[in-house]
Amino acid sequence: MGRTIVVGDIHGCALEFDDLLRSVGFAAGVDRVVLVGDLVARGPDSAGVVELARSCGAWAVRGNHDEKVLSWWRHSQEHGKRSADRKVKLSERHRAVAQALTERQFGFLAGLPLMIALPEHDLLVVHAGVDPSKAPSACDEETLLTVRSIDDDGKASRKLTGTPWAQHWKGPTQIVFGHDARRNLQLEDFATGLDTGCCYGRQLTAMVLSAGEVVPRDRTARARLLVRVPARQEWCPMGSGDGPE
Ligand SMILES: [Mn+2]
């Protein structure tokens with residue numbers, strides 16, 4: 001078995017995804033790629049990202065943006081595209097993504113789980129995070145796809161106010177997640193946030209684990225496992241009003 005390469009939110013940045021795979025020297029059939037979700041939207045080439053993910057045999061969890069275009073696709077499967085256009089509320093940008101994806105690419109996204117456990121690394125991968133007051137397996141879909149913070153009442157929320165959920169999670173399993181580009185890289189005792197805002201012109205970040213390597217609790221040791229590539233350009237302004245980030 002080769003390495004496990006956990007990659008942050010790609011958001012349609014196919015060129016940078018390819019840059020990252022080259023930069024870590026990804027070996028097809030040996031290394032395993034695991035994506036933290038939000039493969040699509042915001043960047044220039046969502047279809048290219050899904051195609052690259054498929055072709056390198058990547059595992060991935062579903063992100064809230066993946067779920068958004070999937071809600072359109074599921075409706076269109078049952079009632080047709082015209083009905084989906086009328087009934088499923090999407091921003092212009094998400095509609096463009098939905099139109100760009102092939103059936104096969106939608107099929108790939110539809111098969112993505114909400115959570116991937118990698119016991120050999122003592123690692124759990126989810127898109128947004130968990131409610132630290134519950135077991136990860138007891139968290140609902142909404143939380144796993146959108147949580148960012150714990151508010152003053154101790155409630156899990158998608159808002160940026162409050163403290164990051166990752167600071168409240170006491171393990172023992174390490175959770176690697178994405179979804180929170182505004183907070184950028186997060187290195188907490190038992191959680192690592194990898195969304196470093198590639199689509200906003202920042203970086204695409206991966207955590208590279210060798211076979212059987214348990215994610216280190218020590219932050220400096222964990223930071224050494226990170227590989228980043230710069231965005232080719234700013235693909236999308238932050239807060240451009242096309243739905244939740
Ligand atoms: Mn997200």
Side-chain angles (χ1 to χ4, degrees), residues 6-14 16-17 20 33-46 49-50 53 58-73 88-91 93-98 101 106 108-110 112-116 124-131 136 139-150 156-162 164-166 169 175-186 188 191-207 231 234-245:
V6 191
V7 181
D9 303 41
I10 303 174
H11 273 305
C13 296
E16 290 87 344
F17 183 20
L20 183 69
V33 173
V34 183
L35 312 177
V36 303
D38 279 0
L39 283 66
V40 304
R42 299 191 183 281
D45 188 8
S46 294
V49 170
V50 177
W59 299 4
V61 293
R62 204 185 323 151
N64 55 312
H65 286 266
D66 309 319
E67 178 56 31
K68 221 174 216 321
V69 295
L70 276 170
S71 64
W72 180 91
W73 182 69
V88 182
K89 237 187 101 198
L90 287 185
S91 69
R93 282 160 160 270
H94 284 99
R95 195 169 296 282
V97 171
L101 296 179
F106 269 122
F108 178 83
L109 292 180
L112 302 183
L114 292 169
M115 196 183 293
I116 292 176
L124 212 55
V125 179
V126 297
H127 176 60
V130 299
D131 177 344
C139 292
D140 58 25
E141 173 167 330
E142 170 81 8
T143 301
L144 298 169
L145 288 179
T146 66
V147 68
R148 285 196 184 88
S149 303
I150 305 302
S157 118
R158 66 190 301 157
K159 296 186 183 133
L160 271 161
T161 49
W165 71 265
W169 171 245
I175 298 178
V176 172
F177 64 101
H179 185 62
D180 203 349
R182 281 175 200 269
R183 288 195 177 119
N184 217 7
L185 183 71
Q186 295 182 53
E188 303 299 340
T192 307
L194 291 182
D195 186 357
T196 48
C198 187
C199 62
Y200 302 117
R202 304 208 309 258
Q203 293 165 321
L204 183 62
T205 301
M207 179 188 283
E234 182 192 85
W235 299 107
C236 172
M238 219 180 208
S240 56
D242 56 353
E245 279 157 30

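Whatever order the structure lists ligands and atoms in, that order sets their numbers, starting from 1.
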Of all the N, O or S atoms in His127, the one nearest to the Mn ion (ligand 1) is NE2
Output all residues satisfying ring-ring contact (aromatic ring centres under 6.0 Å, His included) with Trp235, sequence neighbours left out; order by chain, then residue number. none
CG-CG distance between Asp131 and Asp140, expressed to the nearest 0.5 angstrom: 8.5 Å
Give the atom name of whichever N/O/S atom in His179 sits closest to the Mn ion (ligand 1). ND1
Is any N, O or S atom of Thr146 under 2.8 Å away from the Mn ion (ligand 1)? no
Any N/O/S of Asp38 under 2.8 Å from the Mn ion (ligand 1)? yes
Could I get the full list of side chain to side chain contact (heavy atoms under 4.5 Å, CB included) partners for Ala96, not counting sequence neighbours? none
Just by distance, with hydrogens left out, do Ser46 and Arg93 show a side-chain donor and acceptor under 3.5 Å apart? no
